[in-house]
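In listed order, ligands and their atoms are each counted from 1. All residue numbers in this chain count up from 1 along the given sequence.
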Amino acid sequence: MLEDVVRFLICPYCAAGLALAERTLRCRAGHTFDVARQGYVNLLPGGSRPAGSGDTAAMVAAREAFLAKGHYAPLARCVAQHASAGEIADDGCVVDVGAGTGYHLAEVLARLPARDGRAPAGVALDISKYALRRAARAHPRIGAVACDAWTGLPVRSGCAYLVLNVFAPRNGAELRRVLRDQGRLVVVTPTARHLAELVPRLGLLNVDERKEERVAEKLSPYFDLVDRHRLEYGMRLTHGDVRALVAMGPSAWHTDPQATWARLAELPEPFEVTASVTVAEYRGKR
Ligand SMILES: C[S@@+](CC[C@H](N)C(=O)[O-])C[C@H]1O[C@@H](n2cnc3c(N)ncnc32)[C@H](O)[C@@H]1O
Ligand SMILES: [Zn+2]
């Protein structure tokens with residue numbers, strides 16, 4: 001619920017705290033933000049619509065369908081294990097930047113224990129309203145907020161003891177600002193072997209071989225790497241699963257769907273595809 005996370009949010013204009021009254025968030029300077037019927041709030045300045053470079057309705061629907069089949073469940077479990085291994089602060093929250101449908105954040109919250117009757121809340125940040133509608137319902141303790149991760153996160157400095165970033169944009173300075181000094185950042189990126197069987201057959205976008213290094217390099221002014229490992233497993237996908245996988249990813253913007261589906265029809269079913277990601281854990285530099 002948005003109520004659970006309001007105390008962690010700040011006004012995108014003046015950085016003051018926000019209070020919820022009726023269905024409006026308001027800062028002390030009088031900037032107001034309406035809570036959408038679907039339960040998320042738009043904190044994009046200038047009343048910009050939460051769409052931008054974010055995932056479209058079709059991409060989000062495809063992501064939801066694919067995740068519902070459990071193909072990324074091992075990844076969500078791995079992220080949740082990282083999450084529950086660290087210190088849990090009573091007064092902090094978990095922030096997921098580019099949270100999408102809230103799938104990974106929900107898994108993390110489900111695993112974090114309540115203490116003194118209080119369970120941690122999660123802030124799902126995304127620029128896509130289609131994603132946020134889902135994220136708002138993904139777990140009872142998620143509050144979903146529209147923002148542009150590149151321009152700034154509408155979250156109080158140092159309020160997160162855990163920040164998640166799964167296949168999503170990384171603004172190092174902002175990730176560091178919202179993380180408390182003892183907190184941890186968990187970043188998941190695809191490796192060059194991710195979906196390797198599909199990439200050449202369907203003409204999908206390649207993952208850069210140096211992705212892992214580039215991510216670490218970009219974060220290095222703000223974070224120290226404390227752990228990094230590869231998670232790799234096979235997924236047995238139906239043609240429907242492959243369609244969803246293509247439609248939810250970056251290739252959805254770049255490929256010619258007709259040609260892609262014609263090539264898909266040639267593949268055996270089910271088709272074995274490798275999931276290969278790097279899961280990295282960072283601590284903030286002081
Ligand atoms: C590949 S999806 C990953 C979603 C989710 N983390 C998951 O793994 O299921 C990337 C997400 O980042 C969001 N996104 C893209 N650009 C963004 C931006 N500038 N600010 C915030 N979110 C953004 C997209 O809308 C999308 O939901
Ligand atoms: Zn304000």
Side-chain angles (χ1 to χ4, degrees), residues 9-19 24-33 40 42-76 78-80 94-108 122-136 138 142 144-156 163-171 174-175 178 186-190 194-195 205 207 231 244-253 275 277 279:
L9 304 179
I10 56 174
C11 173
Y13 297 107
C14 66
L18 293 166
T24 303
L25 287 187
R26 184 186 299 270
C27 76
R28 59 170 181 257
H31 300 122
T32 58
F33 309 91
Y40 69 90
N42 178 6
L43 293 185
L44 282 164
S48 353
R49 294 219 173 145
S53 55
D55 283 9
T56 61
M59 289 168 81
V60 173
R63 176 169 299 276
E64 187 171 51
F66 184 79
L67 293 173
K69 298 285 290 283
H71 298 303
Y72 280 176
L75 168 56
C78 175
V79 171
V94 181
V95 174
D96 189 351
V97 182
T101 60
Y103 179 75
H104 299 285
L105 181 57
E107 181 75 21
V108 164
V123 183
L125 300 175
D126 206 284
I127 201 170
S128 159
K129 67 177 177 188
Y130 308 105
L132 290 165
R133 286 173 184 171
R134 264 100 169 170
I142 287 182
V145 180
C147 70
D148 181 349
W150 292 123
T151 52
L153 306 178
V155 173
R156 272 184 206 282
V163 175
L164 308 177
N165 183 270
V166 184
F167 303 132
R170 286 162 300 272
N171 174 344
E174 279 293 278
L175 294 173
V178 302
V186 176
V187 179
V188 177
T189 48
H194 190 51
L195 314 181
L205 295 176
V207 175
L231 173 67
L245 186 57
V246 174
M248 77 190 210
S251 295
W253 299 106
V277 298
V279 182

Q: Quick one: the SG of C27, the Zn ion (ligand 2), SG of C14 angle, rounded to 10°, please.
A: 110°
(Q) How long is the straight-line distance from OH of Y72 back to SG of C78, given to the nearest 0.5 Å? (A) 13.5 Å
Q.
Donor-acceptor pair, distance only, cut-off 3.5 Å: does the side chain of D96 make one with the backbone of A124?
A. no
Q. So which of the N, O or S atoms of H31 lies nearest the Zn ion (ligand 2)?
A. ND1
**Q.** Within-4.5 Å side-chain heavy-atom neighbours: T32 and L25
**A.** no
Q | From D55 atom CG to L132 atom CG, the distance as rounded to the nearest 0.5 Å | A | 10.5 Å
Q.
To the nearest 0.5 Å, what is the distance between CD1 on I10 and NE2 on H31?
A. 13.0 Å
**Q.** Worked check of side-chain contact (heavy atoms from CB on, under 4.5 Å) between R134 and V60
**A.** CA-CA 9 Å; R134 264 100 169 170; V60 173; 3.5 Å; yes
(Q) Check whether E174 reaches the backbone of G152 with its side chain - one donor and one acceptor, N or O, closer than 3.5 Å. (A) no
Dump the pairs for me: ligand 1 N or O, protein N or O, distance under 3.5 Å, to 0.1 Å.
residue  : atom   : partner : partner atom : Å
ligand 1 : 6 (N)  : G98     : O            : 2.8
ligand 1 : 6 (N)  : V166    : O            : 2.8
ligand 1 : 8 (O)  : H104    : NE2          : 3.4
ligand 1 : 9 (O)  : R63     : NH1          : 3.2
ligand 1 : 19 (N) : D148    : OD1          : 2.8
ligand 1 : 20 (N) : A149    : N            : 2.8
ligand 1 : 22 (N) : I127    : N            : 3.3
ligand 1 : 25 (O) : D55     : N            : 2.9
ligand 1 : 25 (O) : D126    : OD1          : 2.6
ligand 1 : 27 (O) : D126    : OD1          : 3.3
ligand 1 : 27 (O) : D126    : OD2          : 2.7

